[in-house]
Amino acid sequence: MTGRELLENDSEIEYSSKVDKQGDTSDVVLAMEIDGELSDLATAITHDATIKFVNGSSVEGRSILRHSTAHVMAQAVRDIWPGAKYAIGPATEDGFYYDFELPGGAHFTDADLGRIEKRMREIIKEDQSFAREEYDLAEGAGLFSDQQYKLEIIQAVGENESVVATGDESAVVNGRNPVVSVYRNMGVHSDFIDLCRGPHVPSTGYLGNFKLLRVAGSYWRGDENRQQLQRIYGTAFESPDALDDYLKRLEEAEKRDHRRLGTELDLFHFPSEIGGGLPVFHPKGALIRTILEDFSRQVHLSSGYLPVWTPHVTKSTLYAKSGHLEWYSDSMYPPMEMEGAEYRMKPMNCPMHILVYSSRSRSYRELPMRLFELGTVYRFERSGVLHGLARVRGLTQDDAHIFCTPDQLPGELESLVGFVLEVLTTFGFDDFEAELSTRPEKFVGDISDWDLATDALASALSAAEIPYRVAEGEGAFYAPKIDIHLTDAIGRRWQVSTLQVDLQMPARFGLSYVGDDNEKHRPYMVHRALFGSVERFMALLIEHYAGAFPLWLSPVQVLVVPVSESHHDYSEEVLLRLKEAGLRSDIYLADEPLGARIRKGKLEKVPYILVVGGEDVDSRTVGVNRRGSSQPQRGVPLEDFVAEAVSVASERGGSEQDRPE
RNA sequence: GCCUGGGUAGCUCAGUGGUAGAGCAGCGCACUUGUAAUGCGCAGGCCGUGGGUUCAAUCCCCACCCCAGGCUCCA
């Protein structure tokens, strides 16, 4: 009996066949798990197994829908470009893609997406079944004799590479004799066969809520030395509503794009005269930046960090000693010759902080020593990876290096994780997740040091009670590390803070401290950045707040708008009082109708707009129009407003969103 | 670096082988406004840069630069 027959016969499971009129497969069974393994519904159940059905709205179901849609896309491309070679086409977190090589070196253009979609809809309408077949390697190779990428995959199966783990492209290794599985779609005009591990939906009629999104380049096996392929990205969902929601989220993300808001709110730009990845901050952007940096300095100084300051250029020999030159010179700016020595722009702060530490002998009494700097570094990022403020060539890290004794390490890490969370929580983030990266295959240092450091990191995470996952072997070659991720207002994850226990640098620089035994000992060294880079953190905040910064970060906190010219004197008085109270305030004198001036203030996302008119002059009040509220409050005593605003600002609260237009 | 798309006024964008367009922003004048767009006018352009084709190029061709989306990378 197959899963499908089981479904049809089981009176306890409602079997909705295929898709309803709306094309909704949320509650439709697409596949099943046999003893935990995803399989086609047509799979024969040959033993007493645990069966779980998978419907369209589950994570697995969506993934299967997307994978099958990718498959249909490949079929459509093959139909339109006979001779097209197809490589891999997995489902991804938000959709799917498929990589192709078109005959005669042809390339997709955006206009082709519509043609491909149209052909895909025809294939879906034909309701072609996905029929699974299995072959041994030689037979499989015969089926794909003109498909070099499929042949490579089949060969990899033969060589027992762990193909299954590399993606969804692939094939299966069944016991001793490797077998490849293929899926065949019989169409009205043509049939299509693809090497694929599966499972798939039973037939193309189960699909339909999809959209092709963009064309991109990609390399075969992700290797830039190999063939460049053409990738098409798309997404698919179980229902029109779910697809629509996703597309709306994309739109929302576009509206929040910090590059767009950076221009709209006049925060920064990237002059081509200066060069890619090198921003200039305009007054309002620089003000936000200054507030962030002041906040960072203040919390560090009050948490026992010592400020240091180091230069932006240095002799290359410093980075030869630290090892960076050997490992990372590709990411460093090229050298400059000066007076016979070779200099480089600073790519990392740590060697310089080490020089501060090693400037004289250190006692255990001085430890832990926490050296902090808003340190600007320059890294040569390839032009293709630059992305607004989130990826630049000159950035400022809120960087610190902690030198401590082995005994102090666990305690330092624990309080450090607490400190990180405290700082990030200030910005309204509350959904954190950490990743603990452990010793990679290639590493330096003693395994016992690695174990001690890794255990200390793990227990710091446990103490902080934040969820984390362990990334085995993902650590840097010189350090195990914790990365902290947060979720922003529209549910996107950002990696921000990093904590690393460096197991190489103290030895390279011969660091020591004198212990209470009067002997020299080697200190542990921890690298850590909370924001990561100030620039990138600003990008995150702009998108998180959609440009509507909380009061304490807003470049303009209060905008005073007189109703008419006769209220100018009182408005100026109000402005003066606001400034005296430390509120960043501006005034919008009348030369336009009141509504227009209020609208402009709203578009600039000013937290408070104070409208003052005749009534206010007499009673020393203001009309308070709060961002995010369409209900202005009339007749508020000026001093009451000042007290409220000063209090909200000092508590770093207030991050209401704008009313959407 | 590679693939795809793009670069026209400060911003968002339309457009054509024959003197360059809109909305918003800016400036001026009028309007004096109680909570999301007052009216009229003016100004604003090496149509990314360089070369080529052409009687004529912002438009077609070539090269380069920059931006975006990916691939790759991210100490």
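Chain letters run A, B, ... following the sequence lines, proteins first, then strands; residues in each count from 1. Below, all heavy atoms of this structure are taken into account, side chains as well, without hydrogens, waters or symmetry copies.
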Distance between the P atoms of B:C13 and B:G7, in whole angstroms? 10 Å
Test your reading of the model: is there a side-chain donor-acceptor pair from A:Arg627 to the backbone of A:Lys605, 3.5 Å cut-off? yes
Protein-proximity profile, nucleotides 4-9 of chain B, B/S/- by nucleotide at the 4.0 Å heavy-atom cutoff, equals SS----
Atom-to-atom span, OH of A:Tyr608 to C1' of B:A36 - whole angstrom: 19 Å
Tell me the interatomic distance from A:Leu102, atom CG, to B:C3, atom P, rounded to whole angstroms. 14 Å
Any base atoms under 4.0 Å from A:Tyr478, or only sugar-phosphate, or nothing? Heavy atoms, all strands. sugar-phosphate
Between A:His387 and B:G69, is there a contact of a side-chain N or O with OP1 or OP2 at under 4.0 Å? yes
By the 4.0 Å heavy-atom rule, please label A:Arg382 as base, sugar-phosphate, or nothing. base
Work out how far the C1' atom of B:A14 is from that of B:U33, and round it to whole angstrom. 35 Å
For A:His568, the side chain to side chain contact (heavy atoms under 4.5 Å, CB included) test, sequence neighbours excluded, returns A:Pro562, A:Glu565, A:Leu589, A:Ala590
Length of the line joining A:His568:NE2 and B:U33:C1', which is rounded to integer Å: 10 Å
Distance between the P atoms of B:G21 and B:C42, in whole angstroms? 14 Å
Report yes if a side-chain nitrogen or oxygen of A:Lys600 is closer than 4.0 Å to either non-bridging phosphate oxygen (OP1 or OP2) of B:C24; otherwise report no. no
Would you find a donor on one side and an acceptor on the other, under 3.5 Å apart, between the side chain of A:Arg528 and the backbone of A:Leu416? no
Hey, does the side chain of A:Tyr219 come within less than 4.0 Å of B:G1's phosphate (OP1/OP2), counting only N and O? no
Could you tell me if the ring centre of A:Tyr357 sits under 6.0 Å from that of A:Phe509? no
Please tell me which of A:Met332 and A:Tyr233 maps to the more 5' nucleotide of RNA chain B, matching each residue to the nucleotide holding its nearest heavy atom. A:Tyr233
Whole-Å distance, A:Arg231 CZ to B:C3 C1', equals 11 Å
Interatomic distance where CD belongs to A:Glu604 and C1' belongs to B:A37 [whole Å]: 14 Å
So what does A:Gly323 touch, heavy atoms closer than 4.0 Å: a base, only the sugar-phosphate, or nothing? nothing
Return the value, rounded to whole Å, for the distance between atom CD of A:Glu615 and atom P of B:G34. 11 Å
Distance check, C1' atoms only: B:A9 and B:G18, in whole angstrom units. 23 Å
Check: A:Ser554 side chain, A:Phe549 main-chain N or O, donor-acceptor pair, under 3.5 Å: yes
Quick check: on RNA chain B, is the nucleotide nearest A:Gly623 upstream (toward 5') of the one nearest A:Glu565, or the reverse? Name the residue that is more 5'. A:Glu565
Using atom C1' of each nucleotide, how far apart are B:A22 and B:U53 to the nearest Å? 32 Å
Got a salt bridge between A:Arg256 and A:Glu252, using NZ or NE/NH1/NH2 to carboxylate O under 4.0 Å? yes
Candidate nucleotides B:A36, B:G1, B:U35, ranked by approach to the side chain of A:Lys602 - the nearest: B:A36
Single hit among A:Phe108, A:Trp220, A:Tyr149, A:Tyr86 for ring pair (Phe, Tyr, Trp, His ring centres under 6.0 Å) with A:Phe100: A:Phe108
B:A25 versus B:G17 - spacing of their C1' atoms, nearest Å: 33 Å
Mind checking what makes ring-ring contact (aromatic ring centres under 6.0 Å, His included) contact with A:Tyr219, not counting sequence neighbours? none
P gap between B:U19 and B:A36, integer Å: 46 Å
With sequence neighbours excluded, tell me which residues meet ring-ring contact (aromatic ring centres under 6.0 Å, His included) with A:Phe537. A:Phe427, A:Phe531
Side-chain contact, heavy-atom cut-off 4.5 Å: A:Leu267 with A:Leu261? no
Using the C1' atom as the point on both nucleotides, what is the distance between B:U16 and B:A57, in whole Å? 11 Å
Less than 6.0 Å separating the ring centroids of A:Phe210 and A:Phe96? no
With heavy atoms under 4.0 Å as the rule, sort A:Ser566 into base, sugar-phosphate or nothing. nothing
Using Watson-Crick and G-U wobble pairs whose two distances are both under 3.5 Å, how do you write the pairing of RNA chain B as dot-bracket, with | for links to another strand? (((((((..((((....[..)))).(((((.......))))).....(((((..]....))))))))))))....
Between B:C11, B:A36, B:A75, spot the one nearest the side chain of A:Arg599, thanks. B:A36
Nucleotide N/O to protein N/O under 3.5 Å, stretch nucleotides 38-40 of chain B:
none

Please report the distance, rounded to the nearest Å, between NE2 in A:His269 and C1' in B:U12. 17 Å
Using only atom types and a distance under 3.5 Å, with no angle test, would you say the side chain of A:Glu604 pairs donor to acceptor with the backbone of A:Leu265? no
Let me know the distance between CD of A:Gln495 and C1' of B:A75, rounded to the nearest Å. 12 Å
Would you say A:Gln557's side chain and A:Leu551's backbone share a donor-acceptor pair under 3.5 angstrom? yes
A:Leu395 pairs by side-chain contact (heavy atoms from CB on, under 4.5 Å) with which of A:Gln397, A:Arg393, A:Arg391? A:Gln397
Looking at B:C73, does its base get a donor-acceptor pair with the side chain of A:Arg391 below 3.5 Å? yes
How is A:Arg634 classified with respect to the nucleic acid when contacts are heavy atoms under 4.0 Å: base, sugar-phosphate, or nothing? base
